[in-house]
Amino acid sequence: MKPISNAAVLARFGYALSDPTRAEILMNLARAPQYPAELAAQLGVTRQNMSNHLSCLRDCGLAVAIAEGRRSRYELAHPDLAHALNDLLGVVLLANEGHLPHP
């Protein structure tokens with residue numbers, strides 16, 4: 001199997017962030033692991049829509065599902081992703097003057 005290039009890895013990360021709902025999911029998971037139903041309620045999306053977004057984030061290697069009995073809890077695939085997301089958000093906000101930061 002051919003190794004994945006750095007450019008392909010970044011493109012996959014960019015694809016995951018290209019949807020505002022997926023970006024919100026990642027920011028929520030950076031704060032704490034959560035269950036899909038909780039995420040769906042917080043973001044105002046259907047459970048099916050949330051399932052699709054979480055599947056994308058798993059496929060992109062950014063989130064993992066941890067089985068807890070009949071439920072699954074989601075968390076970032078690696079703790080360093082939380083730091084990377086916060087750094088990226090800071091840089092993007094600096095580049096976009098006039099943008100109101102999200103608390």
Exercise for review: Take L17 and L85, measure what side chain to side chain contact (heavy atoms under 4.5 Å, CB included) needs, and give me the verdict at the end.
Suggested key: CA-CA 10 Å; L17 289 175; L85 287 166; 4.1 Å; yes
Exercise for review: Kindly determine whether R58 and V64 satisfy side chain to side chain contact (heavy atoms under 4.5 Å, CB included), including the steps that lead there.
Suggested key: CA-CA 6 Å; R58 280 193 323 269; V64 293; 5.8 Å; no
Taking only distance into account, with no hydrogens and no angle test, what donor-acceptor pairs under 3.5 Å do side-chain atoms of residues 6-15 form with protein atoms, sequence neighbours excluded?
| unit_1 | atom_1 | unit_2 | atom_2 | d |
| --- | --- | --- | --- | --- |
| R12 | NE | C60 | O | 3.2 |

**Study point:** Side chains of Y74 and L29 in contact at under 4.5 Å (non-hydrogen atoms)
**Key:**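 Touching, per the 4.5 Å side-chain cut-off.
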Output the distance between atom [atom1] ([X]) and atom [atom2] ([Y]), rounded to the nearest 0.5 Å.
X: N49; Y: L54; atom1: CG; atom2: CG; answer: 10.0 Å
X: S72; Y: Q34; atom1: OG; atom2: CD; answer: 14.5 Å
X: L88; Y: M27; atom1: CG; atom2: CE; answer: 10.0 Å
X: R31; Y: L26; atom1: CZ; atom2: CG; answer: 11.0 Å

Check your understanding: Among E38, M50, H53, which one satisfies side chain to side chain contact (heavy atoms under 4.5 Å, CB included) with L43?
Key ->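 Going through the options one by one, the only one that passes is M50.
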Practice item. Dump the intermediate steps for side chain to side chain contact (heavy atoms under 4.5 Å, CB included) on Q42 and E24, then the final yes or no. Key: CA-CA 10 Å; Q42 289 170 13; E24 285 284 347; over 6 Å; no
Exercise for review: For L62 and L76, run side chain to side chain contact (heavy atoms under 4.5 Å, CB included): C-alpha distance rounded to whole Å, both residues' side-chain angles, the deciding distance at 0.1 Å, then the answer.
Suggested key: CA-CA 6 Å; L62 299 176; L76 294 179; 5.7 Å; no
**Study point:** Heavy-atom neighbours of R47 CZ exceed 12 at 6.0 Å
**Key:**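 No - once you tally the heavy atoms of other residues, nucleotides and ligands closer than 6.0 Å, there are 12 at most.
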**Study point:** N86 side-chain N/O to A82 backbone N/O, donor-acceptor pair under 3.5 Å
**Key:**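 A pair under 3.5 Å: yes.
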Check your understanding: Do E75 and R73 sit within salt-bridge range, that is, some charged N less than 4.0 Å from a carboxylate O?
Key ->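 Salt bridge between E75 and R73, a charged N being under 4.0 Å from a carboxylate O: yes.
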